[in-house]
Amino acid sequence: MISTVVAAAEFRAFCDLQRAAGRRIGFVPTMGALHDGHLALVRAAKAEADVVVASVFVNPTQFGPNEDFSKYPRDLDGDRAKLASAGCDLVFAPTAAEMYPTNDVTRVRVAPLEQFLCGPIRPGHFEGVATVVSKFFHLVGPATAVFGRKDYQQLAVLRAMVRDLFLPITIVGHPIVREADGLAMSSRNAYLTPTQRHNAQALSQGLRAAQQAFAQGVRGADELAALVTAPIVAVADSIDYVSVADADTLVPISGDVGNRALIAIAARFGGTRLLDNVVLGEDAPL
Ligand code: AMP
């Protein structure tokens with residue numbers, strides 16, 4: 001079975017040894033309850049690096065008081081088996097007290113990118129993400145870290161953090177891994193009832209409609225957003241946003257989009273909040 005460490009010092013010692021031996025480390029942070037999307041990230045890291053380490057940590061600082069921190073699915077034994085099968089070399093599964101000892105006071109913020117999309121709905125979320133990923137980066141010293149494009153805003157925040165803090169880490173944004181019917185894989189899909197699971201196909205259906213319209217020359221941001229929204233509004237319990245935005249700055253686009261634009265969705269099916277997105281002019285057809 002794959003080795004698992006819980007102490008930050010032990011994790012750092014393993015990573016230091018790898019680098020001292022001249023090995024490039026690939027790093028994949030996760031919150032566990034792993035699915036094939038996560039494992040694709042591990043395989044991508046393996047292709048870029050000599051040794052791959054993953055973290056499994058449900059990070060309390062990125063959850064709001066009324067969010068699903070306590071009920072987030074946890075299955076460390078299952079995760080370890082999956083990580084081993086994907087070629088991961090070591091798992092770091094710390095406790096919250098290990099990552100945030102009682103004297104912990106430092107936080108990392110990428111404020112401008114918090115203004116858009118999930119930022120206003122999840123205050124403090126991206127600060128929690130940037131802080132914990134920064135801590136991991138300092139323990140690991142990875143050459144490469146792989147993140148999923150499903151959490152597009154998270155990826156944008158972390159790219160900005162790495163750029164601004166001059167961290168010598170290549171960030172890889174992996175395409176969204178989907179179920180056969182188009183639903184983006186997510187640990188939170190496990191919360192869905194069969195009816196909600198069926199209805200959640202509307203997210204990728206809406207994005208596909210926008211991709212097809214874009215391919216046929218439609219450029220109006222409102223028109224594209226309306227095409228995405230139509231199938232979702234019929235079946236979701238609520239829509240947090242459907243946003244057409246600059247794919248780098250995340251600033252909403254009014255008027256016409258150019259040759260590349262992000263369309264991002266957050267919608268709720270029962271109590272479950274799901275994300276999806278596509279970059280028009282960049283992502284493969286859904
Ligand atoms: P999480 O465990 O949800 O924090 O996700 C850990 C990493 O896996 C993040 O970089 C996510 O963006 C990525 N990820 C989660 N689901 C998918 C997916 N369906 N396709 C690609 N990457 C994903």
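Source: prediction; values computed, not measured. Atoms within each ligand, like the ligands themselves, are counted from 1 in listed order. When reading the values below, keep in mind they use all heavy atoms of this one structure, side chains included, and skip hydrogens, waters and symmetry mates.
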Within 45 degrees of the ring normal and closer than 6.0 Å to the centroid, is that where the cationic atom of K71 sits relative to Y191? yes
Output a table of donor-acceptor pairs, distance under 3.5 Å, between side-chain atoms of residues 164-176 and any protein atom two or more places apart or on a different chain; print 'none' if there are none.
none

Any salt bridge between D89 and R23, counting N to O under 4.0 Å? no
Using links of under 4.5 Å between side-chain heavy atoms of ILVMFWY residues, direct or through other members, which residues join V233 in one cluster? L183, L192, L203, L207, F214, V218, L224, V228, I232, V235, I239, V242, V244, I253, V257, I263, I265, F269, L274, V278, L280, L286
Listing by chain and number, which residues have a heavy atom under 4.0 Å from ligand 1? P29, T30, M31, H35, H38, L41, Y72, F147, G148, K150, D151, Q154, P175, I176, V177, M185
Quick one: do M99 and V132 satisfy side chain to side chain contact (heavy atoms under 4.5 Å, CB included)? Show the steps, please. CA-CA 8 Å; M99 293 307 293; V132 80; 4.1 Å; yes
Pairing residues for D222 by the salt bridge (charged side-chain N to carboxylate O under 4.0 Å, His left out) criterion, not counting sequence neighbours: none
